[in-house]
Chemist: 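Have a look at this one.
Each chain gets a letter, A, B and so on, in the order its sequence line appears, and its residues count up from 1. Here the structure is a predicted model, which means the values were calculated and not measured.
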Amino acid sequence: MPSSDLVVLDFETSGLSPALGDRPIEIGAVLIRSGRVVDQFQSLMNPGFKVSSFIQDYTGISNRMLATAPPCESVMAEFATFITGSDLVAHNASFDSKFLDAELNRLGLERDEEFACSMLTARRVIPSAPNYKLGTLVNLLGIRTSGQAHRALADAQAASGVWLHMIAELKRTYALRSVPFELMQLLGKIPKRNVPAFMAEQVSGRRR
DNA sequence: TGCCAGGCCCTCTTTAGGGCCTT
């Protein structure tokens with residue numbers, strides 16, 4: 001059953017790979033319902049070890065801040081409830097999904113929710129962008145966020161802004177009443193050269 | 001001590017290589 005709720009999420013982590021022992025140090029997320037942000041989730045979390053100076057500089061999250069944060073397990077258990085039943089979006093979702101799944105697995109949980117990637121979809125919907133870094137798209141599209149880049153909630157807000165912008169752009173360009181999650185998800189997966197034919201098919205199908 | 005990922009996408013491609021994107 002497709003969900004009408006969407007959670008756009010972002011992890012700050014100790015590194016690039018849970019397979020090499022890296023863990024999340026912060027989660028930020030916004031819940032979107034009917035095209036509007038209606039809730040949000042943010043928490044630092046203690047990974048159980050000290051993070052590198054590179055990560056502290058990159059994120060602005062210090063080991064002192066993490067020392068008093070709740071452990072990953074309790075934060076992720078709460079976050080699992082927050083996302084239940086929602087479709088999921090992240091910028092470069094392959095990164096966030098592997099950390100989410102690794103933490104859920106530690107809790108003995110499995111993810112049922114579907115992921116879509118705002119970066120892959122943006123490559124099709126915004127072909128003129130100079131690159132597809134989140135910060136570049138935020139500046140290009142004039143998206144406002146409430147915090148500093150490379151903090152989880154601010155980046156989740158930024159990615160949600162990119163996502164909603166792309167939906168509005170597709171509605172305007174193709175005169176569509178709605179752009180379902182499944183269309184956005186599929187758009188990120190098809191070869192770029194197939195996008196015009198794919199969208200023509202969508203427009204035709206929705207007018208039948 | 002030094003190094004470590006991985007999925008996607010483009011092209012000088014498909015029996016491959018390298019850049020992008022995330023921390």
Chemist: Please report the distance, rounded to the nearest Å, between CZ in A/F115 and C1' in B/dT22.
Modeler: 12 Å
Chemist: Looking at every strand, decide which applies to A/D155 at a 4.0 Å heavy-atom threshold: base, sugar-phosphate, or nothing.
Modeler: sugar-phosphate
Chemist: Tell me which pairs pass ring pair (Phe, Tyr, Trp, His ring centres under 6.0 Å) where either residue lies in residues 137-166 of chain A, with sequence neighbours left out.
Modeler: A/Y58-A/H150
Chemist: Which pairs of donor and acceptor atoms, one on a side chain in residues 30-39 of chain A, lie under 3.5 Å apart (sequence neighbours left out)?
Modeler:
residue	atom	partner	partner atom	Å
A/R33	NE	A/D5	OD1	2.8
A/R33	NE	A/D5	OD2	3.4
A/R33	NH2	A/D5	OD2	2.8

Chemist: What protein N or O atoms touch nucleotides 8-13 of chain B N or O atoms at under 3.5 angstrom, if any, and at what distances?
Modeler:
residue	atom	partner	partner atom	Å
B/dC9	OP1	A/R124	NH1	2.6
B/dC9	OP1	A/R124	NH2	2.0

Chemist: So A/F41 and A/F82, would you call those rings parallel, tilted or perpendicular, with 30° and 60° as cut-offs?
Modeler: tilted
Chemist: Within the 4.0 Å heavy-atom criterion, would you say A/S14 contacts the bases, only the backbone, or no part of the nucleic acid?
Modeler: nothing
Chemist: List, with names and distances, any nitrogen or oxygen atoms from the protein found under 3.5 Å away from nitrogen or oxygen atoms belonging to nucleotides 3-5 of chain B.
Modeler:
none

Chemist: With a 4.0 Å cut-off on heavy atoms, is A/D10 in touch with a base, just the backbone sugar-phosphate, or nothing at all?
Modeler: sugar-phosphate
Chemist: Going by atom types only, do A/S146 and A/Q157 share a side-chain donor-acceptor pair under 3.5 Å?
Modeler: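 Indeed, the side chains of A/S146 and A/Q157 share at least one donor-acceptor pair under 3.5 Å.
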Chemist: Roughly how far, to the nearest 0.5 Å, is CD1 of A/I190 from CE of A/M199?
Modeler: 8.5 Å
Chemist: Under the 3.5 angstrom rule, does the side chain of A/R123 hit a backbone N or O of A/A129 as a donor-acceptor pair?
Modeler: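 Not a single qualifying donor-acceptor pair exists.
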Chemist: Using a heavy-atom cut-off of 4.0 Å across all strands, would you classify A/F54 as base, sugar-phosphate, or nothing?
Modeler: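 The answer is base, as A/F54 lies within the cut-off (heavy atoms under 4.0 Å) of a base atom.
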Chemist: According to the side-chain hydrogen bond (donor to acceptor under 3.5 Å, both in side chains) rule, which pairs have a member within residues 12-21 of chain A, sequence neighbours left out?
Modeler: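 Sorted pair list: A/S14-A/D22.
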Chemist: When you measure from every atom of DNA chain B, which of residues 127-149 of chain A have a heavy atom less than 4.0 Å away?
Modeler: A/N131, A/Y132, A/K133, A/L134
Chemist: Ignoring backbone atoms, test whether A/H150 places a side-chain nitrogen or oxygen under 4.0 Å from the OP1 or OP2 oxygen of B/dT23.
Modeler: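 So the side-chain polar atoms of A/H150 do come within 4.0 Å of the phosphate oxygens OP1 or OP2 of B/dT23, strictly under.
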Chemist: When rounded to the nearest 0.5 angstrom, what is the spacing between CG in A/N194 and CG in A/L187?
Modeler: 11.0 Å
Chemist: To the nearest 0.5 Å, how far apart are CG in A/L104 and CD in A/E113?
Modeler: 8.5 Å
Chemist: How many whole angstroms separate atom CG of A/D22 from atom C1' of B/dT23?
Modeler: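 About 8 Å, once rounded to whole Å.
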Chemist: Taking only the C1' atom of each, what is the distance from B/dT1 to B/dA16 in whole angstrom?
Modeler: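 Rounded to whole Å, the distance is 32 Å.
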Chemist: Apply the test salt bridge (charged side-chain N to carboxylate O under 4.0 Å, His left out) to residues A/E103 and A/R111: give CA-CA distance (whole Å), side-chain angles for both, the deciding distance (0.1 Å), then the verdict.
Modeler: CA-CA 10 Å; A/E103 292 301 321; A/R111 169 171 59 86; over 6 Å; no
Chemist: Any heavy-atom pair between the side chains of A/I61 and A/Q56 that's under 4.5 Å?
Modeler: no
Chemist: Taking B/dT13 as the reference, what is the distance to B/dC9 when you measure between their C1' atoms (whole Å, please)?
Modeler: 12 Å
